[in-house]
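Notes follow the structure.
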There are 2 protein chains.
Amino acid sequence: MNSNFNIENFYYNFSCNCNKAQKKTFSKGQIITTYIQKRNQLCILLKGNADLVRYDLNGNRTIVEHFSKNALFGEVFYKVTTNNELLVEAKSKCTVLFYIYDKLKDPCTHGCEFHNTLTEHLPELILNKITELNTRIELLTQRTTRDKLLMYFSLISTRKLSKTFELPLSLTDLADYLSVDRSAMMRELKLLKEDKMVDKIGNRIILLYE
Amino acid sequence: MNSNFNIENFYYNFSCNCNKAQKKTFSKGQIITTYIQKRNQLCILLKGNADLVRYDLNGNRTIVEHFSKNALFGEVFYKVTTNNELLVEAKSKCTVLFYIYDKLKDPCTHGCEFHNTLTEHLPELILNKITELNTRIELLTQRTTRDKLLMYFSLISTRKLSKTFELPLSLTDLADYLSVDRSAMMRELKLLKEDKMVDKIGNRIILLYE
DNA sequence: CATAATATGTGGCTTATGCAACAGAAAAAA
DNA sequence: TTTTTTCTGTTGCATAAGCCACATATTATG
């Protein structure tokens, strides 16, 4: 894996001469894309936060993925197998780059540097994606709400290199992300506080165990 | 996505002249690889069945993934973030191809056709992998054991193009795959039978609804 | 600013699910 | 073959977690 490649800087310097990328802006609450209608799409979130959301027949909402800056998403990553609607909703003001995957793969004849770099690094970007998905699976296979919460906190904590951090999701969304009932999650959160495992001040979580 | 490419035939005709691939055989129960020790590894399961298994601190076993013929696995797909042991266990006699991912990426100077084809098609193979993982996530976000079972059956049914099919996993393993208690799953299975939703004769499942 | 909408926090009640224990069937090993 | 091990099927009991309802806090919006 080429560790010299800095994704952060790369996206920041976005400029694409060819006509293969479309750049769009969305305001909070807008639907960025749907996976059933828009096939073969690859999207890059340049700015903002968004959720991949599924509504099932029982009315349950699940946050399948939570995207922040530089996240890759789109139907290429999710060849739809079920008939559930999959929507990407903007949680804040978002800037998104849209590609058609098949066109993206071919080398750019416009000498478009961004595009070529993207193609070149696509495998490793996709591998990062896989790692995220595997982490998500590990989270979801936790048997209890408590274990889900603790693992989720631990993941964020590791990512932020700190025992104290802001939740990137509202509690309502977190419940949908962990695939548990919100009120049950709140109860468990209270128990975790009582057991001196975590503390919570507003939006801020503090891990108290070693 | 290049749909002319037939993975099935491709693996079948495996022959690699270069020294980059290692081919090994495992008997049932053997550990094929561990993700903590073997970094940067990409494996192809040429023959047999295997499970990616995690044992957590509470002694719970989870089947993170179930691999059959042609499956890709290895630590490249699972950059380890937690300290849980991840083992790939052979469920039957297995033949496995091992690559070091970094070496695989570079074009082969030995004119090794298999290797070059593999490199060329890696992105789409990896995208297939992502689709599997997303399906798995959708399965795990089902809220109840009943819904997990029904979705699992539905997935197999779609794959086999039939309302009747053999379970590819034992019931014990299925419970670990769905991340539920085995006895609770058995109970739910009985209820599904009583409700005339599914029938089960030995290892064979028959879907009865519409 | 006022008012609406959404998010948080809590509790009662019910049910699904986990856990433990066991018996019989099936499969593997000796 | 016999013996051992693993898998299946079932039940009673305890409890985690779902569901509902509501009060308050916080955040959007006209």
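Convention: sequence-line order gives letters A, B, ...; per-chain numbering from 1. A quick note: this is a predicted structure, and the numbers were derived from the prediction, not measured.
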Where along residues 178-194 of chain B does a heavy atom come under 4.0 Å from DNA chain D, residue by residue in number order?
B:Arg182, B:Ser183, B:Met186, B:Arg187, B:Lys190
B:Leu149 CG to D:dG9 P: how many Å, rounded?
13 Å
Listed in order of residue number, which residues of residues 163-173 of chain B have a non-hydrogen atom at under 4.0 Å from DNA chain D?
B:Ser170, B:Leu171, B:Thr172
Separation of atom CD1 in B:Ile63 from atom C1' in D:dC7, rounded to whole Å
13 Å
Quick one: ring-ring contact (aromatic ring centres under 6.0 Å, His included) pairs with a partner in residues 149-171 of chain B, sequence neighbours left out?
B:Tyr152-B:Tyr177
Passing option when B:Leu72 is tested against B:Leu97, B:Leu45, B:Leu125 for side-chain contact (heavy atoms from CB on, under 4.5 Å)
B:Leu125
Do the side-chain N or O atoms of B:Lys200 get closer than 4.0 angstrom to the phosphate oxygens (OP1, OP2) of D:dT8?
no
Check this for me, if you would: do A:Lys91 and A:Asp173 make a salt bridge, where the nitrogen-to-carboxylate-oxygen distance has to be below 4.0 angstrom?
yes
Is there a side-chain polar atom (N or O) of B:Thr145 under 4.0 Å from OP1 or OP2 of C:dT17?
yes
Round to a whole Å and report the spacing from CZ of B:Arg143 to P of C:dT17.
12 Å
Nearest-Å distance for atom pair CD1/C1', residues B:Ile205 and D:dT8:
13 Å
Tell me the interatomic distance from B:Gln30, atom CD, to C:dA28, atom P, rounded to whole angstroms.
16 Å
For the pair made of CG in A:Asp176 and P in D:dA17, what is the distance, rounded to whole Å?
16 Å
In whole angstrom, what separates B:Gln142's CD from D:dG18's P?
14 Å
Suppose we screen for side-chain contact (heavy atoms from CB on, under 4.5 Å). Which residues come up paired with B:Ser68, at least two apart in sequence or across chains?
B:Asn49
Is the backbone N or O of A:Thr164 less than 3.5 Å from a side-chain atom of A:Ser162, with the two atoms forming a donor-acceptor pair by type?
yes
Atom-to-atom span, NZ of A:Lys28 to P of D:dT27 - whole angstrom:
11 Å
Mind listing the side-chain donor-acceptor pairs of residues 194-205 of chain B below 3.5 Å, one per line with the distance, residues two or more places apart or on another chain?
residue: B:Asp195; atom: OD2; partner: B:Arg146; partner atom: NH1; Å: 3.4
residue: B:Asp195; atom: OD2; partner: B:Arg146; partner atom: NH2; Å: 2.8
residue: B:Lys200; atom: NZ; partner: B:Gly202; partner atom: O; Å: 2.8
residue: B:Asn203; atom: ND2; partner: B:Glu166; partner atom: OE1; Å: 3.4
residue: B:Asn203; atom: ND2; partner: B:Leu167; partner atom: O; Å: 3.4
residue: B:Arg204; atom: NE; partner: B:Glu166; partner atom: OE2; Å: 2.9
residue: B:Arg204; atom: NH2; partner: B:Glu166; partner atom: OE2; Å: 2.7

Across the strands shown, which category fits B:Lys148 at heavy-atom distances under 4.0 angstrom: base, sugar-phosphate, nothing?
nothing
How far does NZ of B:Lys47 sit from CG of B:Asn70, to the nearest 0.5 angstrom?
12.0 Å
Euclidean distance, A:Leu174 CG relative to A:Met185 CE, rounded to 0.5 Å
4.5 Å
Can you name the residues that form a salt bridge (charged side-chain N to carboxylate O under 4.0 Å, His left out) with B:Lys148, not counting sequence neighbours?
none
